Each structure stands twice: as C-alpha cells, then as structure tokens.
Amino acid sequence: MASSNIKHVTVIGGGVMGSGIAMITAANGYRVTVVDVNEDAIGRAKRQVDKDMRRMAQHVSKGNEQKEHTFYTEAAARMTYSVHLREAVAATDLVIEAIVENLEKKQTLFKILDQAAPAHTILASNTSSLSIAEIGSSAERKDRIGGLHFFNPVPMMKLIEVVRTDNTSDATHETLLAFGKSLRKTCITCRDMPGFVVNRLLFPVIHEALGMVERKDATAHDIDVAMKLGLGHPMGPFELMDIVGLDTVCAIQRERYARNPADVAAKPSELLERMIYLSETRMNHNEEAQLDKSPVLSIPSNKPVNNVMAEWETVPSDLPAGVLQLENQVAGHTAAQGCLGLLKTTSDGTILKPTGKVLCGIREIAFYERLEEARQRKHEQTDTGPDHHLWTVLCQVVPRYFGHPKLTIDGKVVEFIQLEDLTEGLEWPCIMDVKIGRRTWDPLATPEKRKAEENKYKACRQRFGLCIPGFQLYSVRDGGTLIRHGKDYGKKLTEANIRDAFLLYLNATEDGRVSRTLLEEFLHDLHRIRDWARKQTMFRLYSSSVLLVYDAARLDELPKRSELQSESLTNAHGTPSVRARMIDFAHAFPTESSEADTVDENYLQGVESLLKSIDDGSVLKPVAKLLAGPREIKFYEQIEKATGEMKELVLLRDLTPQYRGHQKLPIGDELIEFLKLEDITHGMLEPCIMDVKIGRRSWDPLATEEKRQYEASKYAESREAYGFCIPGFQFYSLQTGRLQRYGKEYGKKLTKITVKDALRRFLNADGGLCRQQLIQLLKDLWNIQKWARTQTSFRLYASSVLLVYDARRLKPVLQHAGKKSPRTPNPPTPTSTSGASTPNTPTFCTTSINEMGDVEPLQHYFKIQRSHSTNHNFEEDIKIMKENYTFMLDNLVGSYEDKVWAKARMIDFAHTFPVQPSDPSGVDCNYLEGINNLVKLFEDLLKDCEIQNTPRPGVA
C-alpha cells in the first residue's frame with residue numbers, strides 16, 4: 001500500500017537496481033517514472049521492468065490468470081519512461097537516484113534535482129558506499145535528503161537501509177521509513193557513514209577472502225563453502241560478488257580507501273582489478289584459463305534470504321487461514337516427526353513444500369527461479385541460446401512454480417516453495433514417488449551422510465538406479481479402497497518384486513494386464529524426461545524424483561492416445577489426469593568443469609530403468625515428412641499382413657522390430673506422427689547400440705541432384721571400402737562403467753582400418769573378444785545376409801542394421817569364461833595340505849556357460865582358502881564373489897525373459913522402393929554388398945576370438 005505522503009516516484013537510472021526499484025514501487029501502488037540518458041537505455045529498462053512485473057504478477061496471482069492479468073495491467077499502467085530529467089521531476093514527490101557509483105556525477109545530478117524538483121520533494125540516493133551528505137552537498141534542501149539503500153535483486157531482497165545525515169529532518173526520515181515499509185520491505189535506520197551497516201561489515205570479509213585466494217591459502221569455491229556451512233551464510237563472498245558486480249565492489253573499495261588510506265580492509269585488491277580488466281576486455285580463452293579455477297562462480301541472481309527451517313515434533317496445529325495439511329502425501333513428503341510435510345492452499349490449486357535445510361532451500365529455489373526465467377523467455381520468444389530447447393522441455397516436465405512465500409506456523413517462520421498441485425481435480429489420485437539415481441548423496445555430503453544414503457533402498461538402487469520411497473493408490477478391484485505403502489515397504493523391494501509394486505500401483509488386473517492408455521500417457525512424459533536427460537549437460541541431479549500421478553476413477557474412461565488431438569487427457573478442472581513430472585531439486589548442482597559436456601549418467605540410468613519397468617517394450621520413431629513417412633508405414637504394414645506366398649516379407653518378420661502401429665502425439669505446439677515399434681533393447685540394463693547404414697548408395701530414385709551429391713560425400717571412405725557406414729554408436733565401457741557415445745562426426749572420419757577399431761570398441765573388446773556375443777550377433781547377421789541374397793522384390797536405400805547387446809550380461813560372461821573354452825567350466829584348484837591356496841584359487845561359484853551365454857550353476861562349490869602369506873587381495877575377491885553371485889541369481893530367478901542378449905535387426909525403411917521395370921533384375925546388389933562386408937568383418941572377429949581362446953603349447 002502506498003505511503004500517504006508520496007504519490008509519484010521518479011527513479012533516475014534504469015539499470016539493474018533502478019529497474020528493480022521502479023518495478024517494486026509500481027507494483028505497490030505508486031506512479032513511477034524511470035529516467036535514463038537515451039532511448040536505448042530506456043528500452044532496456046522497459047524490458048527488464050516488464051519481465052519482472054510479469055513474474056511478480058504470476059507470483060501474487062498463484063495461478064489465477066484473470067488476477068494475473070489485472071495485476072500486471074494495472075501495475076504497468078502506473079509506469080512511465082522519459083529521457084528528459086527536468087520535466088520528469090517537475091511534479092514528483094520522491095526522487096530515488098540509482099546511477100553509477102561516482103561521487104562527482106551524483107553531486108552534479110543532485111544539484112539539478114534541487115533546482116528542478118518541487119520544494120516538498122525528497123531526494124534519496126541508492127548509493128551503497130558514498131556519503132549521502134557529500135552527494136547532496138550542493139543542494140539547498142539538505143533537510144529533505146536521505147539514503148534508501150536497496151539490495152540486489154530488489155524484488156527478492158527484503159532489506160532497505162534508510163540513511164539519515166546530520167541534516168535530515170525527522171519528518172523526512174519518517175517518510176522514507178514509511179515508504180520503504182509500504183514496499184513490503186524491512187527497514188533499518190543507520191547513520192551516514194561509509195558502507196552503512198551491511199557493507200561496512202561485509203567488506204572486511206571480502207577483502208580477506210580475496211587476499212586468501214591471492215596467497216593461495218584456499219580456492220574461491222572452498223571459501224564460499226566454508227562461509228555457507230561454517231557460518232550459515234546463504235552464499236559465500238565470491239558468489240555475492242557475482243551478484244553485486246565486480247565493478248561495484250571495486251568502486252566501493254576505492255572510495256573507502258580514498259577516504260581512509262589507513263583502512264586496511266578497504267585497500268583495493270590486485271586480483272579484483274585484474275578480473276575487472278579481463279572482463280572489460282572480454283578476456284580471451286587463455287587468460288580466462290590462467291585466472292583459474294576460482295575466483296567467481298556464476299549462479300542465478302535471484303538468491304533467497306536464508307531461513308532456518310525448524311523441525312516439528314508433531315503435525316503442526318496452528319496453520320494459517322487458507323492452508324491445510326495435504327492428505328495426498330507419500331514418502332519423504334509426508335508429515336512426520338521432524339518433518340512439516342506438504343501443505344495445500346484452499347483457493348488456487350497449489351501446494352506448499354517446506355524448503356527444509358538452508359542450503360537445500362537456496363539451491364531448489366534457485367533452480368525453480370532459473371526455470372521460470374526460461375519459461376518467460378519462451379513466452380516472449382526471446383530465447384535463442386544453445387540450450388533453449390532443453391529448457392523448453394524441462395518446463396513441460398516440471399510442476400509450475402509460483403514463488404517461495406513465508407508463513408508463520410506454530411510460532412515459527414517457515415519458507416515454502418509454492419508449486420502446482422498435480423493431483424488437483426483428481427477423484428482417486430494415485431501417486432508414486434520414484435527417486436532417481438544409484439547415487440543420492442550430493443558433493444557436499446559428509447562421510448556419515450554418504451554412508452547412510454548408500455545403505456537406503458540398496459537392493460533397488462544398485463540394481464536399477466532408482467528406488468520407491470512410497471506410493472498410494474485407490475484399488476479399482478476393491479471399489480476404490482485407498483492403499484498406502486511407505487518407506488518400510490520400499491526398503492524391502494528387490495529385483496524379484498519391484499515389478500509387482502509397479503503392477504499394484506498401476507491397478508493391474510489379476511492376470512497382470514494394465515490399461516494400455518495409462519501406460520501410453522506415462523510413457524509419453526517419461527520419454528520426454530529421458531530424452532532431456534540424454535542431452536542435458538548443465539546439471540547433476542542427486543536425490544531427485546519423478547512423480548507418477550493418475551486418477552484411478554477415470555481408468556475406464558481413458559481414450560486411446562491415438563484418438564487424441566493436440567490437447568492432453570484432462571479432467572473437469574482442465575488438469576491432465578495422467579502425468580509424470582520431475583520434482584525435488586534441493587540437491588541439483590551445476591556440472592563441474594571436469595565433467596563439462598557430459599550427461600548425468602547417474603540420473604539417466606535411473607530414468608531409463610523406470611521406463612523399462614513400466615514400458616511395454618515399444619519405441620516411438622518420428623515419421624519422416626512428405627512421402628518417406630507414408631512409405632515406411634506402408635512397408636511395415638506389408639510385413640505385418642504378409643501371407644505364405646509373400647515369402648520375402650514373411651521372412652522379414654524375424655529380421656525387423658515388431659510393428660505395433662502408428663499414432664500422433666502432441667509435442668510442443670505440433671501434432672507429430674510416430675511409428676510404434678518393438679524396442680529390441682527392452683530388458684537390457686546397459687544397452688549398447690550401433691547403427692550401421694547399409695549400402696554404398698544411400699539416395700533413392702526420387703532424390704534431387706543436390707541431394708545425391710550431398711549423400712555421396714558423406715562417410716565416403718568407409719562406404720567405398722565396405723559398402724556401409726557407421727553414423728553412430730553407444731556402449732557401456734567395461735573398464736569405466738560409463739556410457740560412451742560416438743556420433744556422426746566420429747563416423748565421418750572412419751576409414752578402412754578404423755572401421756575395424758570402431759567395431760572392437762563397440763564390442764568392448766579391450767580385454768578380449770567374447771565368443772557368445774559374436775555368435776549371437778552373427779546368427780542374426782547370417783539370416784539378414786541370407787534374405788538379401790535371395791530377395792528380388794525391393795531396393796533398400798539408406799536402410800540400417802541395428803546391432804545391440806547388454807553390457808551388463810557381457811561382463812560376467814567374460815569373467816567366467818576367461819581365456820578358456822566357453823563350454824569348459826573352471827577346474828577346481830587343489831589346495832595345499834597347509835590350508836593355503838595358490839594364487840589361482842577359484843571364485844565363489846564354478847559355473848558352466850553354454851553357447852547362448854546362460855549360466856548353468858554346477859552342484860559343487862569351492863571353499864575360498866586364503867592366507868596372508870600368499871594373497872592379500874581380499875577386496876578384489878569379495879568384489880568378484882558379489883558379481884558372480886549376482887550374475888548367478890539373474891539366471892536362477894529368470895531376470896531376463898529373453899536369454900539372447902545380443903541381436904541384429906534391420907531398421908529404417910523410409911527409402912525402400914518396390915523393384916521397377918527399369919531396374920536391373922536380380923538381387924539388390926547395393927544392399928547385399930554392404931551386408932556381405934559387415935558379416936565378413938564379424939566372421940574375422942570370431943576367428944580372432946577362436947585364436948585368442950586356443951590354449952598355447954606348454955600351457956595347462
């Protein structure tokens with residue numbers, strides 16, 4: 001509410017501080033004029049004010065679009081802009097100066113203001129370090145001059161330092177205090193002294209921090225961490241300098257030092273001066289690298305004020321009006337001892353999530369604020385950065401954010417994150433919290449915290465990279481009975497029963513059938529999340545979750561997704577009734593420089609496992625545009641409908657992924673058509689995939705001359721040598737355990753020699769070739785070759801063979817087989833009479849491995865016998881024992897429905913044409929040449945493997 005003594009405010013300077021002050025002032029009912037030096041500066045100020053105003057409107061409206069529109073329209077109507085200083089202040093009640101931190105310029109400005117403004121007008125400065133009395137020394141109205149020091153970012157920071165000089169009248173000071181409070185800020189009074197209160201305390205800390213980095217006592221990162229964790233500061237000094245601006249910090253240091261050279265804490269820092277110089281000259285790469293490692297960390301500018309979240313011994317009893325305890329809570333979000341739990345607003349369909357510990361709250365709010373900025377840029381169509389598509393996808397799979405309000409509950413001030421309620425309007429809301437990632441502790445976790453996290457939900461996390469802390473469902477079979485399972489249930493889940501948990505949650509029938517549409521809706525969202533995780537390199541997400549939500553009351557009403565138009569499934573409230581959303585970002589960290597440009601494998605593995613847990617084993621392939629898409633659909637439909645006399649098509653059923661139809665899905669603002677095909681990697685925990693495009697010629701008969709020339713120039717060396725090329729592949733390295741990807745740029749550089757190297761790399765052959773893997777792949781490749789040698793009905797252009805295998809299955813097969821014949825079990829090693837064994841003592845369980853790589857446990861087990869005198873590698877023994885035991889269990893309990901763990905399938909038929917009368921008769925020589933050469937390379941690898949496994953003379 002506006003102060004009664006002030007109606008119109010003029011802000012001089014439309015920079016970061018000036019635009020923030022103007023926006024918050026107009027939002028609280030004042031008429032505001034922003035004055036700057038030229039139209040360009042005014043334009044920048046307008047854009048910043050408008051952006052901040054829209055965000056505030058979203059925050060205060062809490063999802064009410066009409067309220068949001070009204071708030072923004074009215075506040076924006078109170079804003080005006082001008083480049084004419086004297087005219088702008090001719091009829092104003094308060095002037096707030098926010099220009100560059102330069103005493104002479106401020107003094108000149110105040111002299112003009114004193115002459116142009118009405119006699120009753122109060123002149124205030126937003127200076128952070130200069131003397132208010134000196135700034136107004138040339139003015140006559142010294143009793144109506146004071147300081148209003150706002151903090152950056154103005155909309156978020158709650159404090160205003162109200163500064164009074166020796167000449168400031170009581171009336172002026174009281175008016176400034178009332179004005180500051182009317183902006184919903186907390187105001188403190190301080191005397192006109194260098195740095196006022198905050199900066200006077202802060203700059204000795206900044207000075208010492210800079211000195212420590214200069215002396216190499218500690219890095220900037222470690223200093224920031226120490227200040228946050230040791231003293232409870234919301235951010236460290238270097239993070240703060242990032243927000244304030246290095247030039248501002250340096251200007252304050254210079255001013256204080258000029259006034260008092262004896263003030264050691266004000267002595268300008270050489271490091272700071274150098275950083276500013278490099279910034280002004282747009283530092284080249286080498287200079288930046290030399291600078292380090294250190295000094296300033298870039299973080300989102302909208303940092304919240306820290307707030308300690310008190311623990312609740314019981315469920316809170318004194319909730320504010322309009323707020324209720326949320327009933328639909330699962331796992332860690334449930335109200336319990338030491339946890340407040342989620343709250344729900346009664347009017348606007350939002351929930352309130354407590355921020356918890358200080359640093360966790362800061363990180364999570366910063367994440368949501370940055371996401372909201374991306375959402376606004378998309379709305380304004382101003383985001384053209386390299387990651388804008390990833391931010392767009394993230395906006396679609398994260399609940400809408402409405403700010404971080406504070407409430408007083410049971411006498412304690414608590415900060416919350418306000419989000420959309422995903423269950424709003426659902427009659428029987430079914431909710432599952434799936435925590436993603438094998439590792440859930442963040443880089444700042446103590447050893448005790450890490451150990452505790454490692455031991456939670458261990459069976460599921462280590463096997464699948466996810467766990468289920470809790471879920472609730474309304475059982476349709478039991479007439480809507482509510483069933484809840486919490487942490488204790490989740491801790492008991494293993495590989496053997498986790499699928500039962502998903503079937504229970506999804507309201508499966510007694511024979512295990514699940515609503516097809518329900519699965520499709522979940523998979524639609526989960527594929528988006530998975531695709532985002534496969535590309536994003538900005539963050540590392542620890543202890544983050546995916547929330548699955550659907551309305552069990554609508555299961556029988558759900559239409560097929562293929563019948564939908566661009567809108568999603570919604571209930572009467574307009575809320576989608578089936579959704580998967582990413583939540584919990586309290587442990588979201590920027591990617592370290594050492595891992596730059598790499599994806600978050602920990603998160604990605606968990607999401608892919610979640611997909612496979614509820615997936616029906618299908619993939620969706622976007623249909624090509626124009627003629628190619630319908631051509632591919634037609635070819636797959638021909639294969640599906642082929643009868644006995646169409647032998648060539650019938651044979652293709654076993655050589656291609658199963659066709660499961662085609663459907664249209666809303667992606668962004670478009671309706672995209674997809675082919676639905678069998679996922680041949682389904683059930684593989686570490687799928688390794690190589691795309692081999694077959695044929696020296698890849699352009700079809702309809703290609704233009706330009707297209708032909710372009711296609712002929714791609715992958716020229718490998719095509720010339722073998723009649724095929726490798727556009728890309730991925731594999732899980734047995735050496736490092738990490739997923740490695742090679743794309744088109746790598747493929748274009750392959751030659752006759754390096755194609756073989758690429759195949760060996762893909763096959764994880766660094767430690768030797770695996771006979772079972774090669775035989776399984778060759779079995780399929782031979783069948784494809786046989787088909788290509790006989791078929792005369794089609795010409796395949798730009799078609800591929802997809803090679804896949806599961807690295808999780810390869811590793812134990814190699815360990816068990818060693819360099820012996822795959823069919824020969826490891827012989828028992830005799831032990832000495834002393835009880836000590838030779839270094840070749842066998843592993844926990846001797847097993848036989850057949851041609852398909854299946855483990856056949858023998859009925860004899862060998863006792864491990866070790867003595868300190870002969871072998872000290874106990875850790876490695878235990879590791880091997882665990883791997884052997886896990887591998888054996890996989891097979892005993894039937895973990896893999898299909899014992900074949902390496903396959904080759906023909907894919908990509910968008911450029912497949914029936915043979916024309918003008919074509920040469922006979923087989924498709926272009927395709928046959930490529931498949932023949934691919935088979936030959938694998939046969940050569942198999943020969944190498946046989947040589948590798950042949951016992952050498954004289955070796956037992």
Side-chain angles (χ1 to χ4, degrees), residues 2-38 41-42 45 49 78-128 130-150 154 160-165 167-169 171-183 185 187 192 196:
S3 171
S4 58
N5 295 334
I6 298 173
K7 307 295 183 185
H8 182 258
V9 179
T10 300
V11 179
I12 313 297
V16 173
M17 293 301 296
S19 61
I21 294 168
M23 188 283 294
I24 201 70
T25 304
N28 282 282
Y30 295 93
R31 290 184 294 112
V32 180
T33 301
V34 177
V35 181
D36 217 318
V37 293
N38 54 46
I42 288 293
V49 169
R78 291 191 285 269
M79 291 292 309
T80 57
Y81 301 84
S82 177
V83 294
H84 305 293
L85 176 61
R86 292 181 180 273
E87 293 178 9
V89 302
T92 193
D93 303 309
L94 171 66
V95 176
I96 303 176
E97 167 272 317
I99 67 171
V100 65
E101 200 76 343
N102 181 285
L103 179 60
E104 292 182 0
K105 292 181 179 180
K106 290 180 185 287
Q107 287 175 331
T108 301
L109 174 62
F110 265 63
K111 185 174 183 178
I112 296 172
L113 295 174
D114 187 51
Q115 296 169 356
H120 74 278
T121 302
I122 296 175
L123 308 182
S125 174
N126 182 53
T127 181
S128 57
L130 301 177
S131 166
I132 301 296
E134 289 188 24
I135 290 173
S137 60
S138 59
E140 295 293 331
R141 64 181 85 195
K142 292 183 172 55
D143 62 324
R144 291 184 298 286
I145 293 177
L148 284 174
H149 181 211
F150 293 79
V154 176
I160 300 178
E161 290 177 327
V162 181
V163 185
R164 66 181 304 170
T165 71
N167 296 317
T168 304
S169 68
T172 297
H173 183 63
E174 292 298 326
T175 300
L176 292 177
L177 281 172
F179 171 75
K181 292 175 182 177
S182 73
L183 303 184
K185 302 289 187 184
C187 299
D192 185 18
F196 312 134

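Fair warning: this is a prediction, and the values are worked out from it, not measured in the lab. In this chain, residues are counted from 1 in sequence order.
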Begin with the C-alpha distance, continue with both residues' side-chain angles, and end with the deciding distance and a verdict on side-chain contact (heavy atoms from CB on, under 4.5 Å) for Leu85 and Ile112. CA-CA 9 Å; Leu85 176 61; Ile112 296 172; 3.8 Å; yes
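- The shortest distance between side-chain heavy atoms of His173 and Val162 falls below 4.5 Å.
- For the residue pair Thr33/His8, the side-chain donor-acceptor check at 3.5 Å is satisfied.
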side-chain hydrogen bond (donor to acceptor under 3.5 Å, both in side chains) for Ser138 and Gln107? Distances and angles first, verdict last. CA-CA 7 Å; Ser138 59; Gln107 287 175 331; over 6 Å; no
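- Counting heavy-atom neighbours within 6.0 Å of Glu140 CD, excluding the residue itself, gives a total of 12 or less.
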Just do the side-chain contact (heavy atoms from CB on, under 4.5 Å) check on Leu148 and Ile160 with the steps written out, would you? CA-CA 6 Å; Leu148 284 174; Ile160 300 178; 4.0 Å; yes
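- Among all heavy-atom pairs drawn from Asp36 and Ala41, the shortest one is CG-CB, 3.5 Å.
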Step by step, work out the side-chain contact (heavy atoms from CB on, under 4.5 Å) result for Asn28 and Ser182. CA-CA 7 Å; Asn28 282 282; Ser182 73; 5.7 Å; no
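- Between Asn38 and Val83, the closest heavy-atom pair is C-CG1, 3.6 Å.
- Under the 4.5 Å side-chain criterion, counting only non-hydrogen atoms from C-beta, Met23 is not in contact with Val154.
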Might you work through the side-chain contact (heavy atoms from CB on, under 4.5 Å) test for Leu103 and Ile135, ending with a clear yes or no? CA-CA 6 Å; Leu103 179 60; Ile135 290 173; 3.9 Å; yes
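- Taking every heavy atom of both residues into account, Ile145 and Thr172 meet most closely at N-CG2, 4.4 Å.
- With values rounded to the nearest 0.5 angstrom, Ile42 atom CD1 is found 7.0 Å from Ser82 atom OG.
- With rounding to the nearest 0.5 Å, the separation of NZ in Lys105 from CG in Leu109 is 11.5 Å.
- The shortest side-chain heavy-atom distance between Phe110 and Glu97 falls under the 4.5 Å cut-off.
- Counting heavy atoms from C-beta on, the side chains of Ile122 and Val95 never come closer than 4.5 Å.
- Within 6.0 Å of the NZ atom in Lys111, the count of heavy atoms belonging to other residues, nucleotides or ligands does not exceed 12.
- The line from OG1 of Thr121 to CG of Leu94 is 8.5 Å long, rounded to the nearest 0.5 Å.
- Atom CD1 of residue Ile24 and atom CG of residue Leu183 lie 6.5 Å apart, to the nearest 0.5 angstrom.
- Between Pro118 and Ala90, the shortest heavy-atom contact is CG-O, 3.2 Å.
- A distance of 7.5 Å separates CZ in Arg164 from OG in Ser169, rounded to the nearest 0.5 Å.
- Side-chain polar atoms of Glu101 and Thr127 form a donor-acceptor pair below 3.5 angstrom.
- For the residue pair Arg144 and Ala119, the shortest heavy atom distance occurs at NE-O, 2.6 Å.
- Using a 4.0 Å cut-off between charged side-chain N and carboxylate O, Asp93 and Lys7 make no salt bridge.
- Taken from CD1 in Ile96 to OG1 in Thr25, the straight-line distance is 5.0 Å, to the nearest 0.5 Å.
- Taking the side chain as every heavy atom from C-beta outward, Ile99 and Ile12 approach each other to under 4.5 Å.
- The heavy-atom pair separating Ala26 from Val32 by the smallest distance is N-CG2, 3.6 Å.
- Formation of a donor-acceptor pair under 3.5 Å by the Lys181 side chain with backbone atoms of Cys187 is not found in this model.
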Starting from the C-alpha separation in whole Å, work towards a yes-or-no answer on side-chain hydrogen bond (donor to acceptor under 3.5 Å, both in side chains) for Asp192 and Ser131. CA-CA 6 Å; Asp192 185 18; Ser131 166; 3.2 Å; yes
